[in-house]
Amino acid sequence: MQIRWPRCRALTYDAGMGLPNESNTDDLTLSQRQAVEHKEGPLLILAGPGSGKTRVITRRIARLVDSGVDPREILAITFTNKAAKEMASRVDRLLPGSRVWVSTFHRFCSRLLRMRGQAVGLQPNFSIFDTQDQRGVIKRVLTGLNVDAVHYPPAKIGALISNAKNNLQTAEAYRRRFSESVGNHAQAVVAKAYPEYQKLLLVSNAVDFDDLLLHVVTMLAENPELRRQLDERYRYVLVDEYQDTNLAQYQIVNALSQDSQNLCVTGDPDQSIYGWRGAKIDNILRFEADYPQAAVVRLEENFRSTPQILETADNLISHNVYRKAKTLITDNADGDPVELRTLRDSQREAEMLAADIRDCVERGENKWSDFAVMYRVNALSREIERAFGRFRIPFQVAAGLAFYERAEVKDVLAHLRLIHNPHDQEAFLRIVNRPARGIGKTTLKRLTAWAAANGFSFLEAAAQAAEHPQLTKRAVNSLVAFAETMNELVQTQFDGVAELTEAVLARTGYAEQWRGSTGEQDLQRLANVEELLTATRQFDDQWGDESTLDAFLETTSLAGETDNLDDERGQVTLLTLHAAKGLEFPVVFIIALEQNLIPHERSLKGDDPRELEEERRLLFVGMTRAMRRLVLTRAHRRDVRGKSLISIPSPFLVEFSPQQVADADDAAFGWDRVENESQEVPDDESAEQFVETARPAVNEAGGRPMLTTAAELLNGTRRSVEMPVGFTVGMSVRHPRYGLGTVMSVDGFSKRRTVTVAFEDPDHQETFVADKCPLQPVGLSKGGG
DNA sequence: GGCCAGTGTCTTTTT
DNA sequence: GACACTGGCC
């Protein structure tokens, strides 16, 4: 996603001037200039939100090159692909054609391991296992160890292994430390499973995400000559978001910055939000101790947000004890106060957002892409998605199942993986019976045991299946045919990844299973496979002769969920608070400011106050994404795990003072009575009558009077927006499964309101609950999707 | 071996 | 509410 650069005096330059000369730093503030002009030696840039950090880094790179540094000696490392892409394109704008390497940690390590991985037992064509693959391996390990998978869920064991790896504990070290442990059963299981897991990865010639880093750490530690070479090769190392580095990443960065200590790290301890993934906020806090000659530059002027937003965020974050105090200042013009809106339930919360956004766009104040909706957990996006669908608001979601993780896409990719790396056991197991070829559990159990006993890869074993004494004829035929198909694909030369993928589909008949089907799901699957093909074609086009299967697979396995966000297309963006890091939007909504969500219940269970501080930082990150307007919401009632529960306001709300806005219904009924399920909720149309009697809402934040009601806010939009329950007889609607239809009748009230629709298909009539059905009005609004 | 329906179980955040 | 796993049936 493009990061919009705020308009501000210090940073503007005349369009007529063209690009600034990178040596000319007149357009920078004093501290920005200090950071840009610093050349040799370690440098710590403490950059508050919206302080022009990316701009400073890219300008600094440009300046280094301008002063004679070879671009190949510069390595810039980010956490996400999106950030890397953004930085690379900005560097390219300043230095067209220069080949500065901007990479994520994982990609950097992957490249290194492709070249030098033999040292840790990896062939250059190793596979990268994602979390699903990882779980598959662990499941097999646990079965082999006779460990009850119910009591020790593979995902939990996997998390423990991942934690260990993030703390640089190898399997051997872990085993030694915990194999005798009587106290903790899980650790004892991991002590056995972790070494086995690593063995299986090696047999598959594969690594998991953590291994990418850990193997590189091992390599650098065991091979001083290699470390020295790389240190010399990358004389200038820049690391973004240093506050989020874990121990492994810290070691890598340091190993590359011993002989030439031109290490520049940027970050903000207040934005450290990956502690759960092993990030050590201490890494940035102790930088000056690690590098005593370090220069320190603070970027504290904010060019992004209004003073109101900044002050609110600052009030919040100042409640953290474990931090380096920092001031946030801005010259930006005043804006509106930060609002807190309290709604009756999560559905209403979603509708309020939809109505608000639509209203702003229709008044011409904003474009769709100005808005972002942020939440703590992905599950919360559903309600918003549904409401936006009903209100016909175009949106994109940065979450849920990333494209490359959908089952059918993973299946096709598993074929490619197996072709690339025939030892990849997870890929084999995934596709050997997909589409169904009559190869079941029993057959596979025999085959894999046999392969392990004889040192075959699974694919080799399948090819030799006829030699196996116990396999049924039918199973043997299927296995041999499968192995032959794959082997032929391995041996054929293809011109590009797209051609190979097409051949895979043609030879395996994979897509045929849903061809000709009319089911919505099957069509979606076909479309996804088609989209994957498009991705391969784009990849071929982009890389030309350099387009290799290797590179394509690496891209797909390291692709992140926010990578595909697009701010050009004119859509509202829905994303988690974590995914929001590094982005900015004119208008930000943060929903569900409730106990157990923000802060998340997991952070409250343990008694570690630092976990709570991380939650506070997370909210801080979200708030400081907002440029002009920030709205926080909470609902009395929220559906969690299918149950509707009364919520408790987030304790953070008392730490700053948003302007309180309550939903009219709730004000009228009173908070104390919300629990009464039998209370019939009035229809939307009657909401206005409560406005006058509305009494101030519960004042979590210190007694501010309620100034506006949500009903008033909704009021102006009532006419232009079709409320979801507003189905009228004769209206045209669309149902995702049944297609177009006409509303025949509307019955019942409130939650029990039903709509009967006659579909185009003659004699087909269905009745739906208005609140829940996926019906969309058709042809009423000019805007939208 | 494949398919279906029913049941039990978990859900933070991500490369 | 979603998914993984189970058990029963063809």
Side-chain angles (χ1 to χ4, degrees), chain A residues 77-84 103-110 128-132 134-136 139 149-151 153-156 159 162 165-166 207-214 241 244-246 248-249 272-279 374-383 386 398-402 404-405 407 433-445 471-472 474-475 478 513 554-563 575-581 592 596-606 611 614-615 617-619 621-622 639-644 772:
Chain A
I77 303 180
T78 63
F79 272 79
T80 63
N81 295 304
K82 180 158 46 73
S103 172
T104 64
F105 269 108
H106 288 83
R107 204 169 284 262
F108 171 76
C109 291
S110 172
I128 299 172
F129 280 2
D130 67 8
T131 322
Q132 269 179 63
Q134 184 184 30
R135 250 185 45 211
K139 231 187 266 176
V150 178
H151 211 144
K156 276 228 174 81
S162 176
K165 286 181 175 180
N166 284 328
V207 298
D208 62 23
F209 289 134
D210 305 311
D211 278 342
L212 285 171
L213 306 172
L214 188 57
E241 310 281 11
D244 285 330
T245 48
N246 64 24
Q249 289 157 335
S272 164
I273 53 175
Y274 285 100
W276 54 275
R277 214 168 93 186
M374 301 175 188
Y375 33 81
R376 178 65 235 265
V377 298
N378 279 309
L380 290 175
S381 75
R382 294 192 155 277
E383 192 81 54
R386 273 199 292 263
L401 274 193
Y404 292 118
E405 282 176 15
N433 196 36
R434 211 165 306 175
R437 298 185 175 91
I439 301 168
K441 238 183 181 168
T442 326
T443 306
L444 280 178
K445 212 169 153 190
L471 294 177
T472 64
R474 189 182 134 154
S478 296
Q513 47 186 324
E554 183 183 277
T555 302
T556 58
S557 36
L558 297 180
E561 59 181 30
T562 52
D563 294 356
L575 75 181
T576 62
L577 289 165
H578 281 90
K581 192 177 71 168
N596 294 336
L597 280 166
I598 308 178
H600 192 270
E601 55 184 331
R602 285 277 280 257
S603 71
L604 300 166
K605 273 189 183 146
E611 284 190 46
E614 180 152 314
E615 297 290 310
R617 290 195 294 269
L618 188 55
L619 180 56
V621 166
D639 294 346
V640 52
R641 283 173 221 162
K643 284 255 166 289
S644 171
K772 303 233 162 128

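Per chain, numbering begins at 1; letters A, B, ... match sequence-line order. Side chains included, hydrogens not; waters and symmetry mates left out as well; all remaining heavy atoms used.
Counting to the nearest Å, the P atom of C/dG1 and the CG atom of A/Leu380 are 14 Å from each other. Rounded to an integer number of Å, the gap from A/Arg617 CZ to B/dT13 P is 18 Å. Whole-Å rounding puts the A/Arg277 CZ to B/dT13 P distance at 13 Å. Across the protein-nucleic acid pair, A/Asn166 atom CG and B/dT15 atom P stand 14 Å apart, rounded to whole Å. Going from atom CE of A/Met374 over to atom P of B/dT13 covers 16 Å, rounded to whole Å. Look at CZ on A/Arg434: it is 11 Å from P on B/dG2, rounded to the nearest Å. Atom-to-atom, CD of A/Glu615 to C1' of B/dT13 comes out at 8 Å; the value is rounded to the nearest Å. In this structure, CG of A/Leu597 is placed 11 Å from P of B/dT13, rounded to the nearest angstrom.
Taking the six-membered ring for Trp and thresholds of 30 and 60 degrees, A/Tyr274 and A/His578 have ring planes inclined between 30 and 60 degrees apart.
The nearest pair of heavy atoms linking A/Thr443 to A/Ala475 is CG2-CB, 3.6 Å.
The listed nucleotides are B/dT13, B/dT15, B/dT14; the one nearest the side chain of A/Phe209 is B/dT15. The A/Ala436 side chain lies nearest to B/dG2 when the options are B/dT14, C/dG1, B/dG2. The listed nucleotides are C/dA2, B/dT11, B/dT13; the one nearest the side chain of A/Lys156 is B/dT11. The nucleotide whose nearest atom lies closest to any side-chain atom of A/Arg602 is, among B/dT14, B/dT11, C/dG1, B/dT11.
The side-chain contact (heavy atoms from CB on, under 4.5 Å) search around A/Val640 returns A/Leu645, not counting sequence neighbours. In this view, A/Arg437 satisfies the salt bridge (Lys or Arg N to Asp or Glu O under 4.0 Å) rule with no residue, not counting sequence neighbours. A/Asp208 meets the salt bridge (Lys or Arg N to Asp or Glu O under 4.0 Å) test with A/Lys165; sequence neighbours excluded. Under the salt bridge (Lys or Arg N to Asp or Glu O under 4.0 Å) criterion, A/Glu241 pairs with A/Lys53, A/Lys581, not counting sequence neighbours. Listed by chain and residue number, A/Arg617 satisfy the salt bridge (Lys or Arg N to Asp or Glu O under 4.0 Å) test with A/Glu614 (two or more places apart in sequence, or in another chain).
Within the 4.0 angstrom heavy-atom criterion, only backbone atoms of the sugar-phosphate kind lie near A/Ile439; the bases stay farther away. Here A/Thr443 lies in heavy-atom contact (under 4.0 Å) with sugar-phosphate atoms only. At a threshold of 4.0 angstrom between heavy atoms, the contacts of A/Phe79 are confined to the sugar-phosphate backbone, with no base atom among them. Here A/Ser557 lies out of heavy-atom contact (under 4.0 Å) with every strand.
Both A/Arg474 and A/Ile273 lie close to DNA chain B; mapped to their nearest nucleotides by heavy-atom distance, the more 5′-ward contact belongs to A/Arg474. Between A/Pro153 and A/His578, the residue anchored closer to the 5' end of DNA chain B is A/Pro153, taking for each the nucleotide with the nearest heavy atom.
The environment of A/Arg434 atom CZ is dense: over 12 non-hydrogen atoms of other residues, nucleotides or ligands sit within 6.0 angstrom.
In this pair, A/Tyr274 does not lay its aromatic ring on the base of B/dT13; centres under 5.5 Å and planes under 30 degrees do not both hold.
Side-chain N/O atoms of A/Thr576 include one lying less than 4.0 angstrom from OP1 or OP2 on B/dT14. For B/dG2, the OP1/OP2 oxygens have a side-chain nitrogen or oxygen of A/Asn433 closer than 4.0 Å. OP1 or OP2 of B/dT14 lies within a sub-4.0 Å distance of a side-chain N or O belonging to A/Asn378.
Spacing of P atoms, B/dT13 relative to C/dA4, comes out at 16 Å, to the nearest Å.
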Can you tabulate the close N/O pairs, meaning under 3.5 Å, that link protein atoms to atoms of nucleotides 4-10 of chain C?
{"residue": "C/dC5", "atom": "OP1", "partner": "A/Lys139", "partner atom": "NZ", "Å": "2.9"}

